[in-house]
Every structure is written in C-alpha cells, then in structure tokens.
Undergrad: 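Quick one: structure below, then a few questions.
The first residue of the sequence shown is numbered 1, and numbering continues consecutively from there. All values below were derived from every heavy atom in this structure, side-chain atoms included, with hydrogens, water molecules and symmetry-related copies excluded.
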Amino acid sequence: STDLLLGGRWEGEVGDQLARGCVQLAAQSAVDADENFRPGETLGLSAGLSRGLGAGFSLVLQASAIRQFRDRNTMVAVDPTYGEDKESETLSVFVTPGIVWQSRSGTRAYVLLTESVEERNYAEQGGRTVNPIHATRVVTVGLSHAF
C-alpha cells in the first residue's frame with residue numbers, strides 16, 4: 001500500500017526546567033492499496049519525560065497508546081489458505097521507562113524496558129470478540145554515535 005502519514009510533535013521544558021517533555025500525535029492511512037487488501041488506519045499518541053541526572057545520564061519515561069482500525073481484505077476469497085488477520089483492530093497501551101547516557105562527543109547509549117499496560121482486540125468472530133494478542137515485556141539496549 002501507499003500510505004499517508006500525518007502527525008505533530010511538541011517538545012519543551014517542563015516544570016522546574018530540569019525536565020524535558022514531549023507529546024506526539026500521529027495518524028496513518030492507506031491512500032492506495034492492493035484491491036484484495038487495504039490496511040486499516042492507525043492513530044497513535046505518545047507522551048514522555050526526560051530528567052537529567054548529571055554526568056550525561058537521564059531518566060526517561062514514555063507512555064504510548066496505538067489504536068489500529070480493522071483491515072479490509074478479500075484475500076480469503078483469492079486464496080482459501082489465507083487466514084483472516086484477527087489482530088487488525090486493536091488498542092495497545094504501554095509504558096517505557098529507561099536510562100540514557102549521552103556524551104559530549106555524540107555517543108549515546110540507552111536501556112529501555114517496554115511494559116504492556118493494556119492490549120484490547122475489537123475483532124469479532126462468531127459474534128464474540130477474539131483476542132489472540134499476547135503482549136510481552138521488551139528490553140531494548142542501544143548504542144549510537146553521531147559523526
């Protein structure tokens with residue numbers, strides 16, 4: 001598919017100016033897709049805080065919610081072995097705390113822990129909601145350098 005993405009982001013000082021905050025809203029929608037499959041729209045909202053600890057370290061915390069709306073497809077008519085995607089109408093809410101270290105020379109290292117708070121599926125099958133989503137904790141470790 002060819003998608004249109006539209007979003008906005010705010011970043012700035014929060015409270016006592018030792019913390020930085022951000023809020024981001026983004027939407028995605030297919031404007032052109034295969035005749036047998038059109039991905040559903042997605043709407044996401046994130047908010048985060050970062051507080052410096054000194055010596056280049058910061059504590060970070062982000063909360064995010066992503067709402068994906070139902071895919072529209074006729075693939076099962078084209079290929080009988082194609083299974084209907086039952087995870088295509090969901091609400092996912094998660095929090096991500098972590099620690100970031102940034103040097104003056106442009107090196108950045110971080111450890112983040114993403115924890116699911118809510119996983120909800122709105123897809124129905126046989127008159128009842130199905131929920132095949134099994135969210136798991138994710139640990140992200142990263143290292144980057146800007147030249």
Side-chain angles (χ1 to χ4, degrees), residues 1-76 82-125 128-147:
S1 69
T2 301
D3 294 1
L4 174 66
L5 301 167
L6 181 62
R9 180 177 174 91
W10 170 86
E11 284 188 44
E13 302 293 330
V14 177
D16 59 8
Q17 297 182 350
L18 293 176
R20 291 194 54 80
C22 67
V23 176
Q24 179 173 299
L25 178 65
Q28 178 177 353
S29 180
V31 292
D32 187 31
D34 182 279
E35 65 183 44
N36 297 309
F37 177 74
R38 182 175 184 85
E41 290 75 27
T42 302
L43 184 61
L45 175 64
S46 295
L49 287 173
S50 173
R51 177 146 179 123
L53 299 174
F57 286 93
S58 296
L59 285 178
V60 295
L61 177 64
Q62 179 171 311
S64 302
I66 300 172
R67 176 68 163 93
Q68 181 176 347
F69 296 91
R70 189 82 175 143
D71 295 340
R72 294 177 296 282
N73 70 75
T74 58
M75 288 299 292
V76 75
Y82 181 82
E84 181 184 12
D85 178 6
K86 294 181 180 59
E87 293 187 16
S88 68
E89 188 168 5
T90 60
L91 170 66
S92 301
V93 180
F94 45 94
V95 294
T96 305
I99 190 161
V100 177
W101 174 77
Q102 177 128 8
S103 74
R104 291 185 181 150
S105 65
T107 300
R108 185 173 186 247
Y110 54 91
V111 178
L112 307 172
L113 173 69
T114 300
E115 185 73 40
S116 174
V117 175
E118 177 80 24
E119 292 291 336
R120 195 176 299 169
N121 194 324
Y122 299 98
E124 288 188 8
Q125 183 179 35
R128 56 180 243 222
T129 302
V130 294
N131 192 0
I133 301 170
H134 302 286
T136 186
R137 180 176 296 141
V138 176
V139 176
T140 305
V141 178
L143 179 66
S144 65
H145 182 78
F147 294 95

Undergrad: Given side chains that start at C-beta, do those of Glu41 and Gln68 come closer than 4.5 Å, heavy atoms only?
TA: no

Undergrad: Residues in side chain to side chain contact (heavy atoms under 4.5 Å, CB included) with Leu143, at least two apart?
TA: Thr107, Ala109

Undergrad: Using side chain to side chain donor-acceptor pair (under 3.5 Å) as the criterion, list what pairs up with Arg108, not counting sequence neighbours.
TA: none

Undergrad: What are the two closest heavy atoms between Gly98 and Leu112, and how far apart are they?
TA: CA-CD2, 3.8 Å

Undergrad: Rounded to the nearest 0.5 Å, how far does CZ of Arg120 lie from OG1 of Thr90?
TA: 11.0 Å

Undergrad: By side chain to side chain donor-acceptor pair (under 3.5 Å), which residues pair with Ser64, not counting sequence neighbours?
TA: Ser46, Gln62

Undergrad: Are Val95 and Leu113 packed together at the side-chain level, in the sense that at least one heavy-atom pair is separated by less than 4.5 angstrom?
TA: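 Of all side-chain heavy-atom pairs linking Leu113 with Val95, none is under 4.5 Å.
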
Undergrad: Take a 6.0 Å sphere around CG of Leu5 and say whether it holds more than 12 heavy atoms from other residues, nucleotides or ligands.
TA: yes

Undergrad: Taking all atoms of both residues into account, what is the closest heavy-atom pair of Val93 and Ala65, and its distance?
TA: CG2-CB, 4.1 Å

Undergrad: Run the side chain to side chain contact (heavy atoms under 4.5 Å, CB included) check on His145 and Ser103 step by step: do they pass?
TA: CA-CA 9 Å; His145 182 78; Ser103 74; 5.6 Å; no

Undergrad: Working to the nearest 0.5 Å, report the span between OG1 of Thr2 and CG of Asp32.
TA: 5.0 Å

Undergrad: Any chance you could measure Phe69, atom CZ, to Leu43, atom CG, to the nearest 0.5 Å?
TA: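 Output value for this atom pair is 6.0 Å.
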
Undergrad: With rounding to the nearest 0.5 Å, note down the distance linking CD1 in Ile99 to CG in Leu61.
TA: 13.0 Å

Undergrad: Where is the tightest heavy-atom contact between Asp3 and Ala30, given as atom of each residue plus distance?
TA: OD1-CA, 3.5 Å

Undergrad: So with a 6.0 Å cut-off around CZ of Arg137, is the heavy-atom count from everything else above 12?
TA: no

Undergrad: Testing the basics here: between Val60 and Ser50, what is the closest heavy-atom pair and its distance to 0.1 Å?
TA: CG1-OG, 3.8 Å

